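The next block holds one structure in the form of structure tokens; read it before the comments.
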Amino acid sequence: MSTRSSIAMLEKDGTVRMTTIHWDGYITGVGYTLVHDYSDFDKTERLINLGDISSLGKHVEASELTKRFGFDGRFNHEYKKLSKKEQKRLDKDDRNYTVAYHRDRGEELVLKKFKSIPAYLNGLKHYGEEYDYFLGRDKDLNPQWYLVLETGFKALYCDEEASNVMNCLEVNPERINIADIFKSEDDSYCDPKKFNDRLRKIKVKNIIAFLDQFQQAYKLGTPLIDQFGPNQYKARFTSTANHYDNRVQITLKDPDTNEDRGFSLMVDDINTREAIPRQVLRWLLVDLDRYFEAQAPKYKLEEVPKLQKLIAIKEKIANFYRTKVKYDPDSIAFKYFLYLCCKEAGDASGYDPEYFNIMVKAYVKKRVDKFFKTEFCTSLDDLTPEDVANLIEKRGTGYDAKSPYESYLAMLIRNVNPSDPNLFVDPKESSALYRIIYSNYKNLVARDTENTLIQAEQFASK
């Protein structure tokens with residue numbers, strides 16, 4: 001599976017150039033190659049000028065294999081005719097060279113350029129990848145690669161002598177030694193499972209410490225915290241595809257309503273210790289957004305007249321089928337009626353007319369056609385094909401209603417007035433818990449953005 005990354009560099013005029021790499025974007029892949037082989041502005045500029053890149057090698061140029069047999073040359077018939085020894089030589093050599101989509105496959109050249117570092121950082125919201133690398137300068141004005149995180153630029157270096165796997169566990173907030181990560185992934189040095197378990201425990205400890213401080217500061221009750229462990233996971237869940245032992249479940253109390261709110265946090269999504277406050281608060285906001293979204297109607301107040309009309313149409317059609325045709329309204333004959341409606345509205349609707357010619361009895365089609373033409377056409381005024389298609393949706397059963405029509409039905413079933421203005425008040429406005437979390441998150445984002453821009457200005461001034 002590919003791990004995408006982006007690489008960018010600062011130009012002399014203050015602009016930023018950027019391109020993407022499809023394969024091996026992780027720190028010990030692209031990150032290591034950049035630090036080891038591309039700590040040079042001229043070479044990096046030649047690399048970025050290639051446009052989007054498939055795989056990164058220590059050389060910018062195309063390999064002998066690519067030059068002779070093209071992109072994906074290993075599938076070329078002429079390549080397959082070579083001896084196994086020659087194939088092995090070309091294949092081994094190929095790994096040291098860069099493969100680019102424009103140069104080596106003839107695709108359109110794609111280059112991204114930003115007028116400033118702040119514009120580049122803003123662009124990462126849309127064009128950023130799993131790993132984003134930036135070539136700037138260190139304090140001595142030498143070229144320096146950085147990993148761009150939400151909390152700022154983290155200098156990348158690789159020093160075997162200074163390597164300490166515990167630094168990788170804590171993730172040094174100032175610099176990242178790639179040698180630490182190499183050692184953590186080396187089976188002979190540290191068992192990967194034990195390493196990940198240790199890392200997770202450290203993250204959970206820091207998450208709980210932050211939540212405890214946050215809860216006390218805003219009087220959010222006593223946070224009930226539970227981390228799923230492997231034994232609990234096996235006892236409570238049957239599927240082994242989902243890693244529930246990677247979650248922290250917590251409960252916080254809303255000061256206004258005194259209601260408890262449960263949250264679920266993904267531990268492995270926390271990147272660095274200093275990012276814990278921002279990322280934990282973001283998870284809390286995501287969970288609250290989902291909770292409030294599930295409560296709110298899927299329709300807008302101004303849509304109520306149209307939904308009332310759909311209900312009336314549904315009842316009229318259902319009554320016709322029950323009394324005149326003696327058919328279940330949800331039968332194949334009813335789908336034929338919807339086909340007529342959508343066709344009348346100018347939409348093909350995906351139904352095959354021949355299918356209905358075979359499946360719907362002739363006398364039923366005759367009655368439906370007559371009913372449609374004489375009594376029903378005017379009922380479709382101001383309705384789209386999508387509105388008509390909603391008529392076949394099943395009755396809504398609760399907050400999980402997927403469409404406006406289902407949501408409206410769900411309100412009727414629960415004897416709730418679907419036109420009550422209180423239903424459309426943003427529930428976040430009445431939740432003190434949401435306001436507290438959002439305010440803190442917004443402040444942290446502003447702080448991180450300011451710190452990152454300060455770093456960026458230092459690059460630009462050198």
Side-chain angles (χ1 to χ4, degrees), residues 3-10 21 23-41 43-44 47 56-58 95-96 121 124 128-207 267-279 448 451-452 454-456 458-459 462:
T3 303
R4 294 179 61 86
S5 60
S6 74
I7 56 173
M9 65 172 288
L10 181 65
I21 301 177
W23 294 103
D24 304 328
Y26 39 84
I27 295 176
T28 51
V30 166
Y32 174 80
T33 304
L34 292 174
V35 169
H36 195 266
D37 299 299
Y38 287 88
S39 289
D40 176 274
F41 281 105
K43 187 177 181 181
T44 301
L47 178 69
L56 179 66
K58 64 181 181 180
R95 299 172 189 175
N96 294 319
L121 293 172
L124 288 182
E129 303 292 352
E130 293 178 70
Y131 293 87
D132 298 302
Y133 300 99
F134 179 87
L135 181 60
R137 296 186 183 275
D138 62 15
K139 61 181 180 180
D140 298 319
L141 302 184
N142 296 315
Q144 170 67 59
W145 279 104
Y146 295 87
L147 179 65
V148 185
L149 299 176
E150 291 178 330
T151 50
F153 293 82
K154 306 302 171 186
L156 289 174
Y157 70 106
C158 192
D159 187 345
E160 288 286 349
E161 295 183 2
S163 178
N164 180 353
V165 74
M166 290 306 296
N167 287 338
C168 181
L169 278 173
E170 294 288 353
V171 188
N172 189 313
E174 298 299 328
R175 304 192 301 163
I176 298 176
N177 187 357
I178 300 176
D180 291 340
I181 304 175
F182 271 124
K183 279 197 172 184
S184 72
E185 294 175 346
D186 184 353
D187 290 353
S188 64
Y189 183 86
C190 177
D191 180 85
K193 185 179 184 304
K194 291 181 180 179
F195 173 82
N196 287 329
D197 287 344
R198 289 163 65 195
L199 177 58
R200 188 172 291 121
K201 287 178 181 178
I202 290 173
K203 288 181 178 180
V204 170
K205 180 180 178 181
N206 288 323
I207 290 171
V267 177
D268 285 354
D269 284 349
I270 305 295
N271 295 326
T272 64
R273 182 172 51 180
E274 63 179 343
I276 282 177
R278 173 201 259 232
Q279 292 179 327
D448 292 339
N451 291 339
T452 304
I454 289 173
Q455 288 180 286
Q458 292 172 349
F459 300 145
K462 293 173 180 178

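Residues: numbered from 1 along the sequence shown. This structure is a prediction, so every number in the text was calculated from the model and none was measured. Values below: all heavy atoms of this structure, side chains included; hydrogens, waters and symmetry mates excluded.
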(request) Please examine the side chains of L47 and Y38, heavy atoms only from C-beta on, and report whether any two atoms are closer than 4.5 Å. (result) yes
(request) Report yes if the side chains of L121 and F153 come closer than 4.5 Å at any heavy-atom pair, otherwise no. (result) yes
(request) Hey, could you give me the OG1/CD1 distance between T33 and I178, rounded to the nearest 0.5 Å? (result) 9.0 Å
(request) Look only at the side chain of N96 and the backbone of K58, and say whether a donor-acceptor pair between them is shorter than 3.5 Å. (result) no
(message) Restricting to non-hydrogen atoms, name the atom on T151 and the atom on T452 that form the minimum distance, rounded to 0.1 Å.
(response) C-OG1, 3.8 Å
(message) Looking at A179, is its backbone amide N or carbonyl O close enough to the side chain of N177 to form a donor-acceptor pair, meaning the two atoms are under 3.5 Å apart?
(response) yes
(message) Quick check: closest heavy atoms across V30 and Y133, and the distance to 0.1 Å?
(response) CG1-CE1, 3.8 Å
(request) Consider only side-chain N and O atoms of Y26 and D24, and report whether a donor and an acceptor are under 3.5 Å apart. (result) yes
(request) Output the distance between atom CD1 (I27) and atom OG (S5), rounded to the nearest 0.5 Å. (result) 11.0 Å
(message) Contact between I176 and I181 at the side-chain level, heavy atoms closer than 4.5 Å - yes or no?
(response) yes
(message) Could you go through D37 and K43, starting from their C-alpha distance and side-chain angles, then the distance that decides it, and tell me whether this counts as side chain to side chain contact (heavy atoms under 4.5 Å, CB included)?
(response) CA-CA 9 Å; D37 299 299; K43 187 177 181 181; 4.2 Å; yes
(message) Could you measure the distance from the CZ atom of F134 to the CG atom of L156? Nearest 0.5 Å is fine.
(response) 13.0 Å
(request) Provide the closest heavy-atom pair for I276 versus K203 in the form atom of the first, atom of the second, distance. (result) CD1-O, 4.2 Å
(request) To the nearest 0.5 Å, tell me how far W23 CH2 sits from R4 CZ. (result) 10.5 Å
(request) First locate atom OG of S39, then atom CG of N142, and finally report the distance between them rounded to the nearest 0.5 Å. (result) 9.5 Å
(message) So which atom in Q455 and which in G152 form the shortest heavy-atom distance, rounded to 0.1 Å?
(response) OE1-CA, 3.4 Å
(message) For L135 versus P143, what's the shortest heavy-atom pair and its separation?
(response) CD1-CB, 4.1 Å
(message) Please report the interatomic distance CD1(I7) to CD(E129), rounded to the nearest 0.5 Å.
(response) 11.5 Å
(request) Might you point out which heavy atoms bring Y146 and R137 nearest each other, and give the distance in Å? (result) OH-O, 2.8 Å
